[in-house]
Amino acid sequence: MRSITVKAPSSTANLGPGFDVFGLAVDAFFDEITLTKKKSGISIITEDDVPTNPENNTAGLVVKNMIKKFKIKDGIEIKIKKGVPPGFGMGSSAASASATAVAFDKLYGLKLDKNTLVEFAGSGEKASAGSIHFDNVAASVLGGFVIVRTNPLNIIKIKPPKNLRMCIAIPKLEVPKMKTKISRGVIPKKVNLIDSVRNLSNAAAIVVGFMEKNPELIGNSIKDVIVEPARQHMIPGFVKVKENALRAGALGVTISGAGPSVIAFSKNSADLKRISSAMSRGFANVNIKCQTVICKPSKGAIVIKK
Ligand code: HSE
């Protein structure tokens with residue numbers, strides 16, 4: 001095989017209290033990565049606004065790390081087609097990194113296990129987040145709902161309820177280039193025990209909600225007293241957007257990943273349109289336009305051409 005194309009989904013990280021631990025693949029957007037063997041070097045071809053120096057590009061870093069680890073002698077051309085908008089908390093860099101790790105694995109017949117694939121995909125996140133975290137990449141590689149355990153890396157995947165639906169409001173804001181790094185900088189370094197107990201109880205309930213396929217339990221456990229309060233000032237209108245969505249019937253609402261998108265959970269397709277317009281009105285209240293996307297949990301990265 002000389003060339004392979006893999007598509008990987010967008011994802012939402014944290015789901016409220018599961019900071020850096022929970023991820024959910026969502027079928028809102030997809031990135032496509034084509035890897036083609038060549039004589040030497042790593043090059044990037046894209047029409048999208050992403051860095052083309054492999055050192056600063058998530059996909060570039062994944063290829064570089066995998067070439068080194070598996071002592072591959074070829075060069076690789078990486079073609080990137082972005083579908084996931086970068087910088088909005090939808091796991092954009094993770095989608096590219098995940099598609100790349102899965103494509104590389106298949107191109108060289110490595111048959112890596114899921115934890116190793118996620119580890120390589122996570123190594124690409126460093127280019128955009130400044131630090132490695134695995135919630136988005138685990139979701140994007142494996143699909144469904146994931147729980148990330150570290151040291152050693154161990155991903156637990158749970159199939160989401162079939163009727164779980166989400167509405168994501170993506171505000172039209174200028175986002176800084178290293179947004180994830182910046183929004184990680186505002187989180188408290190230390191947490192008080194009472195807050196940590198509250199988040200832990202809700203996180204545990206979310207896991208049970210996924211296991212029992214219970215969207216109500218998932219939604220009403222999406223309560224975060226640590227990270228959301230620290231970050232919400234970075235999203236103009238957040239309080240109103242959340243309040244509006246809950247009033248319109250959302251089961252739970254929180255920041256998607258590091259933001260600024262806001263995600264609302266529901267199980268009722270009829271509610272979703274109402275929730276979408278309620279969220280748009282929330283942003284309109286502070287004169288911000290937003291795009292709303294109604295979506296459902298997604299499968300992980302898949303080969304679409306070889
Ligand atoms: N868990 C990460 C964060 C996801 O919230 O910073 C960012 O992509």
Side-chain angles (χ1 to χ4, degrees), residues 8-26 28-29 31 50 57-59 61-62 82-101 118-119 121-142 145-151 153 155-156 166 168 170-171 173 175-189 191 195-196 199-200 202-203 206-207 222-235 238 242 252-263 298:
S10 47
S11 55
T12 184
N14 306 337
L15 289 90
F19 178 70
D20 278 3
V21 173
F22 292 165
L24 177 68
V26 294
F29 306 102
D31 275 9
V50 290
N57 179 290
T58 40
L61 271 185
V62 174
K82 295 294 298 174
V84 189
F88 287 88
M90 299 298 306
S92 179
S93 54
S96 290
S98 301
T100 305
V118 170
E119 191 139 34
S123 73
E125 281 277 58
K126 205 165 183 187
S128 65
S131 61
I132 301 183
H133 50 94
F134 298 95
D135 41 8
N136 288 107
V137 281
S140 208
V141 169
L142 302 174
F145 174 69
V146 292
I147 302 169
V148 177
R149 300 167 73 211
T150 44
N151 287 327
L153 186 67
I155 313 298
I156 298 170
M166 282 74 62
I168 303 173
I170 308 165
L173 290 173
V175 281
K177 275 266 182 258
M178 293 296 270
K179 179 227 64 190
T180 301
K181 195 174 177 187
I182 295 168
S183 56
R184 291 175 81 82
V186 303
I187 298 169
K189 300 270 176 296
V191 193
D195 290 346
S196 142
N199 266 28
L200 180 60
N202 280 312
I206 289 175
V207 173
I222 295 189
K223 292 189 183 111
D224 167 21
V225 295
I226 299 171
V227 177
E228 186 182 293
R231 278 182 171 167
Q232 65 184 35
H233 71 273
M234 300 175 80
I235 309 171
F238 175 78
K242 180 170 175 173
V253 182
T254 191
I255 301 170
S256 181
S261 296
V262 180
I263 183 162
S298 172

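Remember, it's 1-based here, ligands and their atoms both numbered in the order they're listed. When reading the values below, keep in mind they use all heavy atoms of this one structure, side chains included, and skip hydrogens, waters and symmetry mates.
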Practice task
Mind checking whether V227 contacts ligand 1 via backbone (N, CA, C, O), side chain (CB onward), both or neither, at a 4.0 Å heavy-atom cut-off?
Solution key: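 Within the 4.0 Å criterion, V227 makes no contact with ligand 1.
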Practice task
Would you mind telling me if ligand 1 is within reach of the side chain of R231, the backbone, both or neither, using heavy atoms under 4.0 Å?
Solution key: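 For R231, the contact with ligand 1 is made by the side chain alone.
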Problem - Side-chain (S10) to main-chain (V26) donor-acceptor, under 3.5 angstrom - result: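 Yes; at least one donor-acceptor contact below 3.5 Å.
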Exercise for the section: Could you tell me whether a side-chain N or O of D31 sits under 3.5 Å from a main-chain N or O of A8, the two making a donor and an acceptor? Expected result: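 Side chain of D31 to backbone of A8, a donor-acceptor pair under 3.5 Å: no, none is there.
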Practice task
Please could you name the atoms of ligand 1 that D20 approaches to less than 4.0 Å, counting only its heavy atoms?
Solution key: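 Selected atoms, number and element: 1 (N), 2 (C), 3 (C).
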State, with a plain yes or no, whether a side-chain heavy atom of [X] is found less than 4.5 Å away from one of [Y].
X   : Y    : value
N14 : D135 : yes
F22 : I147 : yes
F29 : I170 : yes

Exercise for the section: Could you tell me whether D135 and ligand 1 have an N or O pair separated by under 3.5 Å? Expected result: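 For ligand 1, there is an N or O atom that lies under 3.5 Å from one belonging to D135.
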Problem - Test of proximity, T180 against ligand 1: N or O pairs below 3.5 Å - result: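 Looking only at distances, the answer is no, because the N/O contact criterion of under 3.5 Å is not met.
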Handout entry: With N136, the side chain to side chain donor-acceptor pair (under 3.5 Å) member among S11, S92, S93
Key =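 Running side chain to side chain donor-acceptor pair (under 3.5 Å) over S11, S92, S93 with N136 returns exactly one hit, S11.
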Problem - Identity and distance of the protein heavy atom lying nearest atom 3 (C) of ligand 1 - result: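 Looking only at protein heavy atoms, the one closest to atom 3 (C) of ligand 1 is R184 NH1, 3.3 Å.
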Problem - atom 8 (O) of ligand 1: the protein heavy-atom neighbour that sits closest, reported with distance to 0.1 Å - result: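 Ranking protein heavy atoms by distance from atom 8 (O) of ligand 1, first comes N136 OD1, 3.0 Å.
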Problem - Minimum non-hydrogen distance to atom 4 (C) of ligand 1, winning option of K181, E125, H133, K179 - result: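 Looking at heavy atoms only, H133 sits closest to atom 4 (C) of ligand 1.
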